[in-house]
Amino acid sequence: MATRKEVADRAGVSIAVVSYVLNDSNYVKEETRRKVLQAIEELGYETNMAARALKMRKTEQLAVLINHLGNPHEAGLLLRIEEHAAKHNYVLFFQTFHKEQESRLKALLHGRVDGIFLLGQSLQEETLRHFAKLGIPVVSITTPAVPRCDHVTSIDLDWTAEYRKLIRLLKAKGHERIAYMAIGDPEHPLSHRLKAFRQAMEQERLPLAEPDIFYADGGLQTAHEAIRTKVTAPGRFTAIVGANDLMAAGIVAACRASGVRIPQELAVAGSEDILMSSQTAPPLTVIHYPREKVGEIAMEVMLDKMRKRPASDRILQAEIVERASL
């Protein structure tokens, strides 16, 4: 097995420079980095990861707590995070999060990861302080519904501003009674979008009546069941927005099953722009959630926190993609 000295000799650098490259240091010129990486590949050099992790207190692994891997929006986020993590030689460790099993996380992740990404989960303050004491930073993609600790840095959209743009578009098309399909669980990562939608409606001087708020668990089928008897009710709303695209697709399916024409009789919009949204009949108008940009920024923030640099919450802007459902 090749040694670090042999790599240094092959690349024409010092052993210290090889160490800098392996530790992803910013102090190495790109040309030198390429020489070292080429030497590593040619010699088949492999680091002893266990010994290195013990010595450096680094595992080069990051955990991502997921809610439902079958959700296309989450899957897209994971791909983007993984892509940018790999650029910095980090591997992702995926773990499905269950509230009732949160206490297991401390033992499960201890010594195995250098940082934790949340997808909006509201961890208990005790759990967050445990990881803070260990020096394991936590970054949340999506603002937790119940913020419990200032150790968590969040990356999200300004949902009130994004919904306001969407509502303005609906108003321009003559819609004044607009309904919303929300998440029923108050601790669900997307539950705060209802509050943002309420605020946007108030700012646009439109009422949001309680009968025009529907609840599902975030899936297509439950949204279909929640709305199927409402889309044909007389005097109902003329437009509806889903807190995510799966539920918006469920509304489209319910309209199709009930013979309700979109957009002639009901306008429908979503909030994420997953691939399915462009494939429904008709295609859905959506808020385009910038997953590529979010993945890049999430890794930037994580690196800042791991390197003890200042890291603050990041609020991004999005665009409305108008399709045939309005």
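The model shown is predicted, which means the values in this text are computed figures rather than measured ones.
Screening T127, N67, T142 against Q121 for a side chain to side chain donor-acceptor pair (under 3.5 Å) leaves a single residue, N67. Of the residues listed (E265, E176, H175, R177), the one engaging T238 in a side chain to side chain donor-acceptor pair (under 3.5 Å) is H175, and it is the only one.
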When you look at E319 and K165, which way does the salt bridge (Lys or Arg N to Asp or Glu O under 4.0 Å) test go after all the steps?
CA-CA 9 Å; E319 297 178 353; K165 288 189 288 189; over 6 Å; no
Is there a salt bridge (Lys or Arg N to Asp or Glu O under 4.0 Å) between R198 and E210 once you walk through the steps?
CA-CA 11 Å; R198 286 185 191 274; E210 286 301 321; 3.1 Å; yes
Mind running salt bridge (Lys or Arg N to Asp or Glu O under 4.0 Å) on R129 and E126 for me, showing each step along the way?
CA-CA 5 Å; R129 293 197 181 282; E126 178 188 354; over 6 Å; no
As a quick check of understanding, evaluate ring-ring contact (aromatic ring centres under 6.0 Å, His included) for F214 and F237, giving each step before the final call.
CA-CA 12 Å; F214 303 93; F237 47 88; 5.5 Å; yes
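For Q317 and D158, the side-chain atoms include no donor-acceptor pair closer than 3.5 Å. Residues D273 and H73 have side chains that never bring a donor and an acceptor to within less than 3.5 angstrom of each other. In summary, the side chains of Y20 and T32 do not present any donor paired with an acceptor at a separation below 3.5 Å, with no hydrogens or angles considered. Inspection of the Q199 and Q203 side chains reveals no N or O donor paired with an N or O acceptor under 3.5 Å. Side-chain contact check for D313 and T153: no donor-acceptor pair (N or O, by modelled atom type) lies under 3.5 Å. A donor atom on one side chain and an acceptor atom on the other are found under 3.5 Å apart for D245 and S277. For the residue pair H98 and R104, no side-chain donor N or O sits within less than 3.5 Å of a side-chain acceptor on the partner.
Considering only heavy atoms from C-beta on, D114 stays 4.5 Å or farther from I136 through its side chain. Side-chain contact between V241 and L170 is present, with at least one heavy-atom pair separated by less than 4.5 Å. In this structure, the side chains of E322 and K173 come closer than 4.5 Å at one or more pairs of heavy atoms. The shortest side-chain heavy-atom distance between I297 and L316 falls under the 4.5 Å cut-off.
The aromatic rings of F197 and Y180 lie parallel to each other, with less than 30° between the two planes, well short of the 60° mark. Between W159 and Y289, the ring planes lie parallel to each other; the angle is under 30°, not in the 30° to 60° tilted range.
The environment of K195 atom NZ is sparse: at most 12 non-hydrogen atoms of other residues, nucleotides or ligands sit within 6.0 angstrom. Within 6.0 Å of NZ in K171 there are more than 12 heavy atoms belonging to other residues, nucleotides or ligands.
In terms of hydrophobic clustering, with Ile, Leu, Val, Met, Phe, Trp and Tyr side chains grouped at heavy-atom distances under 4.5 Å, V286 and I240 are assigned to a common cluster.
The distance from atom CZ of R193 to atom CD of E162, rounded to the nearest 0.5 Å, is 11.0 Å. Put simply, OG on S325 and CG on L284 are 4.5 Å apart, with the number rounded to the nearest 0.5 Å. Distance check: H192 NE2 to S122 OG gives 10.0 Å after rounding to the nearest 0.5 Å. To the nearest 0.5 angstrom, L105 atom CG is 6.5 Å from L123 atom CG. Rounding to the nearest 0.5 Å gives a distance of 11.5 Å between CZ of F93 and CG of L62. Remark: L194 CG to H188 NE2 distance equals 13.0 Å, nearest 0.5 Å.
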